[in-house]
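Quick notes on the structure that follows.
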2 protein chains.
Amino acid sequence: MVDNPLDALLGYQLHRAAATMMADLAHSIEGLALTRTEASVLLLIAHNPGVTQSEIGRILAIQRANMAPIAAMLTDRGLLKRKRADGRSQGLLLNRAGMALAAELASTIAAHESKFLPDISLSDRQMLVGLLRRVWMPELP
Amino acid sequence: MVDNPLDALLGYQLHRAAATMMADLAHSIEGLALTRTEASVLLLIAHNPGVTQSEIGRILAIQRANMAPIAAMLTDRGLLKRKRADGRSQGLLLNRAGMALAAELASTIAAHESKFLPDISLSDRQMLVGLLRRVWMPELP
DNA sequence: TATTGTTATACTCTATAACTATA
DNA sequence: TATAGTTATAGAGTATAACAATA
């Protein structure tokens, strides 16, 4: 039997758990022809009509430079429209097709989420989510 | 204020927390001239002298195809030697330089780990690690 | 000066297919 | 047939630098 010295490390467990869920998510949404990153952007716009690319990037930790092709791709697919905010920035809004896809995406994600830790209580799950938030947002409560 | 609909999702929090710790780890070990993946392989060999590439891959979820250049790189750097097990497989063993680097790596990782969730109790931390293990190893207790 | 959007580019990690040699 | 190691290749995500237009 092989001894895995990484097994007790928070970082290792985070890496394996995240990789597992991200791979499952990618597979779950491939029928929607979205990558994980594109899907996260679509959902954020759905909940925040008029948000700009730079704002999305700051919230989701996506570089401005990497947001450009994502926004262009979603626009080309007819999922969102751009509305000039000022001369240099433009708010993003889902159109009808984008809203429909976002709704389908949300239910797909809910099904995906429910596959993991199905036996845990809701309060334990929320505690877990709160602890993970503190890993990358150490300043907040 | 922007509403992030992903914030309550286990998958999203795992992704952000893992990305944060993996970026910090990569930075922490860059002085050792190791990538995260190479570092994990080095530690596994240190704790399991004679382990084969395929075994390492199965334990750490690294494709056999991706193990080959990692093992070759560690060999070229004079950190490990290969010992023929049977005609097709070979056990990996650290030599003196590899053991010294593995020891330095272990203490670097310990310092890195202690930076995250410093205010949590040991038992809470172990509970968190155990929950994460259940995310990707759903069959085990 | 700082910010927005953009293009180009490179690197890491991961995934798949195919091949050989051996069991 | 199955497994070990290897090579080649491609995709996703991420990172940096630079630029024009605007604030």
Side-chain angles (χ1 to χ4, degrees), chain A residues 2 11-12 14-16 18-30 32-41 45 50-76 80-92 136, chain B residues 11-12 14-16 18-30 33-41 45 50-76 80-92 136:
Chain A
V2 179
Y12 177 73
L14 275 176
H15 173 62
R16 294 299 298 269
T20 297
M21 284 197 72
M22 293 307 98
D24 182 86
L25 177 59
H27 182 260
S28 296
I29 66 178
E30 73 185 6
L32 307 179
L34 291 170
T35 66
R36 291 189 294 106
T37 312
E38 290 160 358
S40 67
V41 170
I45 301 171
V51 70
T52 67
Q53 290 181 204
S54 289
E55 285 171 334
I56 296 171
R58 280 190 291 270
I59 293 157
L60 299 182
I62 302 169
Q63 304 290 325
R64 228 168 57 246
N66 297 326
M67 275 301 306
I70 295 171
M73 186 272 198
L74 295 175
T75 305
D76 291 347
L80 61 83
K81 47 180 178 283
R82 299 169 145 158
K83 192 168 245 172
R84 198 114 224 120
D86 62 30
R88 63 186 173 185
S89 66
Q90 43 199 337
L92 304 183
W136 62 277
Chain B
Y12 177 72
L14 276 175
H15 173 61
R16 293 300 298 269
T20 298
M21 284 197 72
M22 293 308 96
D24 182 86
L25 176 60
H27 181 260
S28 296
I29 65 178
E30 73 185 5
L34 291 171
T35 66
R36 292 190 293 106
T37 312
E38 290 160 359
S40 66
V41 169
I45 300 171
V51 69
T52 67
Q53 290 182 206
S54 289
E55 285 171 333
I56 296 171
R58 278 191 292 271
I59 293 157
L60 299 182
I62 302 169
Q63 303 291 324
R64 227 168 56 245
N66 297 327
M67 274 302 305
I70 295 171
M73 186 274 197
L74 295 174
T75 306
D76 291 348
L80 61 84
K81 48 179 178 283
R82 299 170 146 160
K83 192 167 247 173
R84 199 113 223 124
D86 61 30
R88 63 186 173 184
S89 66
Q90 43 201 337
L92 304 183
W136 63 275

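Quick note on labels: first sequence line is chain A, next is B, and so on, each numbered from 1. Here the structure is a predicted model, which is why all the values come from computation and not from measurement. Note that these values count all heavy atoms, side chains included, but never hydrogens, waters or copies made by symmetry.
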Protein-proximity profile, nucleotides 5-13 of chain C, B/S/- by nucleotide at the 4.0 Å heavy-atom cutoff, equals BBBB----S

Tell me which of A:Asp86 and A:Glu38 sits closer to the 5' end of DNA chain D, going by the nucleotide each one is nearest to. A:Glu38

Looking at A:Thr37 and A:Ser40, what are the two nearest heavy atoms and their distance? O-OG, 2.7 Å

Over its full length, what angle do the end axes of the helix from C:dT1-D:dA23 to C:dA23-D:dT1 make, each axis taken from five pairs and the result rounded to 10 degrees? 10°

Does a side-chain heavy-atom distance below 4.5 Å link A:His15 with B:Met22? yes

Sidechain-backbone polar pair: A:Ser89 side chain, A:Ala85 backbone, donor-acceptor under 3.5 Å: no

In the 5' to 3' direction, the nucleotides of DNA chain D bounding the stretch that comes under 4.0 Å of a heavy atom in chain A are D:dG13 to D:dA23

Rounded to the nearest 0.5 Å, what separates atom OG in B:Ser28 from atom CZ in B:Arg36? 11.5 Å

Please examine the side chains of A:Arg82 and A:Leu92, heavy atoms only from C-beta on, and report whether any two atoms are closer than 4.5 Å. yes

Atom pair OG1/CG of B:Thr20 and A:Leu14 - distance to nearest 0.5 Å: 9.5 Å

Sequence neighbours excluded, the answer for salt bridge (Lys or Arg N to Asp or Glu O under 4.0 Å) partners of A:Asp86 is none

What donor-acceptor contacts under 3.5 angstrom involve side-chain atoms of residues 55-68 of chain B, with partners at least two apart or in another chain?
| from | atom 1 | to | atom 2 | distance (Å) |
| --- | --- | --- | --- | --- |
| B:Glu55 | OE1 | B:Thr52 | N | 2.9 |
| B:Glu55 | OE1 | B:Thr52 | OG1 | 3.4 |

Of all residues at least two apart in sequence or in a different chain, which pass the side chain to side chain contact (heavy atoms under 4.5 Å, CB included) check with A:Ala39? A:Ile29, A:Leu34, A:Leu105

If we only count heavy atoms from C-beta on, is the A:Met21 to A:Asp24 side-chain gap below 4.5 Å? no

